[in-house]
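Here's the structure we're looking at; comments come further down.
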Amino acid sequence: MRRTRVGLFSTVALCHWRGAPTDVSFLFSLAQFQSLYGKKAAALYTQAGDYQKTARFYYKKAEDTYYQANNWASYDDWRRARDQWDYFYSR
C-alpha cells in the first residue's frame with residue numbers, strides 16, 4: 001500500500017508515479033498559489049515554470065541538433081569507407 005503525504009511535493013511525486021503531468025501549473029491555479037504563498041511567490045513560481053518550459057525546449061532542440069550531426073558524421077564515414085572499398089576492389 002502506498003502512503004501519501006498531503007503537500008505539493010508529495011502530490012507531484014504521486015502524479016509522476018501514476019504517469020500524470022508533473023507541471024505545477026496543472027496542479028494548482030494562480031489563485032491557490034496566491035493564497036498559499038502570496039502574490040510575490042506566486043509570480044516567482046509562474047516565472048520559474050516559464051523558464052523551465054523554455055529551457056526544456058532549447059534542451060530538446062540542442063539534443064536533436066546533436067543527433068542530426070552525429071547521424072551525418074556516421075553517414076560520411078560510411079560513404080568514405082564505401083568509396084575506399086570501391087577504389088581498392090574494383091580495379
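Note that the structure is a prediction, hence the values are computed from the model and not measured.
- The aromatic rings of Tyr89 and Trp85 are tilted relative to each other, their planes meeting at an angle between 30° and 60°.
- Leu44 contributes atom CG, which lies 5.5 Å from atom NZ of Lys40 (distance to the nearest 0.5 angstrom).
- Within the model, atoms OH of Tyr75 and CZ of Arg82 stand 6.0 Å from one another, a figure rounded to the nearest 0.5 Å.
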From CA spacing to verdict: side-chain hydrogen bond (donor to acceptor under 3.5 Å, both in side chains), Tyr51, Gln47: CA-CA 6 Å; Tyr51 286 153; Gln47 185 180 19; 2.9 Å; yes

Evaluate the criterion salt bridge (charged side-chain N to carboxylate O under 4.0 Å, His left out) for residue pair Arg80 and Asp83; output intermediate values, then yes/no. CA-CA 5 Å; Arg80 180 193 49 76; Asp83 292 343; over 6 Å; no

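- Grouping the Ile, Leu, Val, Met, Phe, Trp and Tyr side chains by contacts below 4.5 angstrom, directly or via other members, places Trp78 with Trp72.
- To the nearest 0.5 Å, atom CG of residue Asp64 and atom CG of residue Asn71 are 12.0 Å apart.
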